[in-house]
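Here the structure is laid out as structure tokens; the discussion comes afterwards.
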Amino acid sequence: MSEFVRAAVAHGQQGAVIVESVRLKPLGPRDVLVQMKAAGICHSDMSFINGERSGASYPLVLGHEGAGVVLECGREVSSLKPGDHVIPLGIPECGVCPACVSGKTNLCDEYFRDSGSRPFLLGDQALRGFCDLGTFADAIVVREMQVAPIDRAAPLDVICCLGCAGATGLGAALFTAKVEAGASVVVFGLGGIGMNAVQGARLAGAVKIIGVDTNPLRETAARAAGVTHFVDPTQVENLLDHLRELTDGGADYSFECVGNQKVLSDAVECTRKGWGVTVMVGVLPGSQQIQLRPRAILEGRRLMGSYLGNIKTRTQLPRLVDRFMEGDLSFESLISHRIALQDINDGFAKLANGSALRTVIHFDHAAG
Ligand code: APR
Ligand code: ZN
């Protein structure tokens, strides 16, 4: 690996990133150096350049989904070694904090602490990576507690999608909502994340899976992922009436995978009174608040949230890779485009105009 690596840097809400030459800081005792092989472009990355998310400090290396190979380990790293195939993850799993030992959540206490990590050097300015990762770079320095070792036989350019979209969507259905066989499910937003919520519902044995998306181009891939009905909300007179009719009075589960106040309210309202469960997955832009009709909740519906699908990143995520290798999961209909790092702004443009589902960046390390 050359001393300089390329990294996609956001300098502000300017609509694009710049691929810059950066250096990586030396490894701390608990850090690992990961050579990235593939990385997926997520809507959350885009929200740092398209005005949707405020409060970020720039410059910032984007990317929080990917897969790679460990090149080097700090002297106190005990669970990883050079050559290991890994998925770096946005949520750490330290294994010893009250959250990690509770068995109730994947939100390790370390996730809420500022790691202080600024491993990329642009000139003499030290930059953070988004989620303390920054996977849109040839190589990254990341804490051991944020790296999951996976089956070496798994294709990194496919299972990279598990790092965000796969874990978030599959986990929302399997770990957060715990959808059961025979259930009816509505998934709002059939992007990278929603498609995996569909896939998770299918794995759980849901019999009715209704996908709702304003983009009619999503229908084919959604059917491949498992939807039994596709609804374009702009084409029906009353969306809620239509969904209640399709689900005989209300869905057992719904998933908001758009990041929109009104859609979240619809997601709650379309579930069955008495037991309907809605999982909030999408991130509402800016300072938008949740707005719900109080009776929707009083009537016994529940609203839950989840980050990365409530999946413990180091101990549970590798099992999803195993399920992929066993043939239970597919990301074929999910990955719509493959590009090189220098074309990343093209990838963002395709995500913004709705022509891409997941675009996977491939890293060419041939030059050293
Ligand atoms: N109703 C239904 N679907 C909608 C609506 C709407 N009102 N508005 C947009 N959509 C659809 C888009 O057409 C698109 O297919 O939602 C989908 C969003 O997909 P992506 O842009 O690919 O986003 P994704 O990466 O899946 O992330 C979804 O989760 O992590 C968060 O920040 C992320 O809030 C975002 C959400
Ligand atoms: Zn993401």
Side-chain angles (χ1 to χ4, degrees), residues 39-54 56 62-66 87-91 129-131 133-136 160-172 186-200 210-222 225 227 230-236 239-240 242-243 254-267 270 279-286 288 290 305-309 311 313 331 333-337 347-360:
I41 303 180
C42 175
H43 197 114
S44 302
D45 298 300
M46 192 167 68
S47 65
F48 287 99
I49 53 170
N50 74 356
E52 280 177 10
R53 201 181 286 211
S54 51
L62 293 184
H64 60 287
E65 176 178 290
I87 295 183
L89 292 141
I91 299 179
F130 176 31
C131 292
L133 298 174
T135 55
F136 301 157
C160 61
C161 292
L162 273 168
C164 174
T168 305
L170 289 163
V186 183
V187 178
F188 292 80
L190 300 167
I193 291 179
M195 270 330 162
N196 279 290
V198 168
Q199 180 161 219
I210 300 160
V212 181
D213 201 299
T214 43
N215 181 352
L217 295 176
R218 290 285 178 261
E219 180 167 357
T220 311
V227 306
F230 177 84
V231 177
D232 175 346
T234 63
Q235 301 299 313
V236 292
L239 178 64
L240 288 177
H242 186 64
L243 294 174
S254 71
F255 298 87
E256 203 284 354
C257 307
V258 177
N260 176 300
Q261 201 177 45
K262 171 68 169 60
V263 176
L264 181 62
S265 159
D266 284 350
C270 83
V279 182
M280 177 181 177
V281 184
V283 180
L284 299 186
Q288 269 189 29
I290 294 174
S306 87
Y307 259 3
L308 263 184
I311 294 179
T313 47
F331 300 107
S333 57
L334 179 73
I335 300 173
S336 57
H337 297 79
F348 280 122
K350 288 198 170 71
L351 183 61
N353 72 20
S355 57
L357 253 171
R358 250 338 184 233
T359 295
V360 169

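Counting starts at 1 for both ligands and their atoms, in listed order. Scope of the values below: all heavy atoms of this structure, side chains included, with no hydrogens, waters or symmetry mates.
- For the atom pair OG (S44) and CD (E65), the distance works out to 9.5 Å, reported to the nearest 0.5 Å.
- Screening Q261, K262, E256 for a side-chain contact (heavy atoms from CB on, under 4.5 Å) with V258, the sole residue that qualifies is E256.
- One distance of note links CG of L357 with CD1 of I41; it measures 12.5 Å at 0.5 Å rounding.
- F136 CZ to H64 NE2: the interatomic distance, rounded to the nearest 0.5 Å, is 7.5 Å.
- Considering all non-hydrogen atoms of both residues, F230 and N215 come closest at CZ-O, 3.7 Å.
- Among protein heavy atoms, the minimum distance from atom 7 (N) of ligand 1 is reached at V263 CG2, 3.5 Å.
- Note: no N/O pair closer than 3.5 Å links L351 and ligand 1 by distance alone.
- Scored by the side chain to side chain contact (heavy atoms under 4.5 Å, CB included) test, P285 finds E52, Q288 as partners (sequence neighbours excluded).
- Within the 3.5 Å criterion, the main-chain N or O of L190 finds a donor-acceptor partner in the side chain of R218.
- Interatomic distance, H43 NE2 to N50 CG, rounded to the nearest 0.5 Å: 5.5 Å.
- Among protein heavy atoms, the minimum distance from atom 16 (O) of ligand 1 is reached at G189 CA, 3.5 Å.
- Considering backbone and side-chain N/O of V283, one or more are found under 3.5 Å from N/O of ligand 1.
- Panel note: side chain T168, backbone G309; no donor-acceptor pair is recorded below 3.5 Å.
- Contacts between R218 and ligand 1 below 4.0 angstrom, taking non-hydrogen atoms only, involve the side chain exclusively.
- The nearest heavy-atom contact from the protein to atom 23 (O) of ligand 1 is H43 CB, 3.2 Å.
- In terms of modelled atom types and a separation under 3.5 Å, the side chain of T234 and the main chain of T214 share no donor-acceptor contact.
- Distance from atom 10 (N) of ligand 1 to its nearest protein heavy atom, with residue and atom name: T214 OG1, 3.6 Å.
- Proximity to V212 (heavy-atom distance under 4.0 Å) selects the following atoms of ligand 1: 2 (C), 3 (N).
- Panel note: side chain D45, backbone C42; a donor-acceptor pair is recorded below 3.5 Å.
- Proximity to N215 (heavy-atom distance under 4.0 Å) selects the following atoms of ligand 1: 13 (O).
- In summary, the atoms of ligand 1 found under 4.0 Å from a heavy atom of R358, numbered by their order in the structure, are 25 (O).
- Considering each of V231, D213, L308, T359, the one bringing a non-hydrogen atom nearest atom 17 (C) of ligand 1 is D213.
- Of the candidates G191, S336, G169, C257, C257 brings a heavy atom nearest to atom 28 (C) of ligand 1.
- In terms of polar-atom proximity, G282 is not counted as a contact of ligand 1, lacking any N or O under 3.5 Å from an N or O of the ligand.
- Close N/O approach between N260 and ligand 1 is not found [any backbone or side-chain N/O within under 3.5 Å].
- Looking at T313, its side chain does come within 3.5 Å of a backbone N or O of I91 through a donor-acceptor pair.
- Proximity of C164 to ligand 1, defined as any heavy-atom pair under 4.0 Å, is not found for any part of the residue.
- In this structure, the protein non-hydrogen atom closest to atom 33 (C) of ligand 1 is S44 OG, 3.6 Å.
- Annotation: atom 35 (C) of ligand 1 to nearest protein heavy atom, V258 O, 3.5 Å.
- Protein N/O/S atoms found under 2.8 Å from the Zn ion (ligand 2): C42 SG, H64 NE2, C164 SG.
- The shortest heavy-atom distance from G192 to ligand 1 is under 4.0 Å.
- To the nearest 0.5 Å, atoms CZ (F255) and CG (L264) are separated by 13.0 Å.
- Heavy-atom neighbours of Y307 OH from other residues, nucleotides or ligands within 6.0 Å: at or below the threshold of 12.
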_Working for side-chain contact (heavy atoms from CB on, under 4.5 Å), residues S47 and V283_ = CA-CA 10 Å; S47 65; V283 180; over 6 Å; no
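- Close approach to I193 involves these atoms of ligand 1, each under 4.0 Å from a residue heavy atom: 26 (O), 27 (O), 29 (O), 30 (O), 31 (C).
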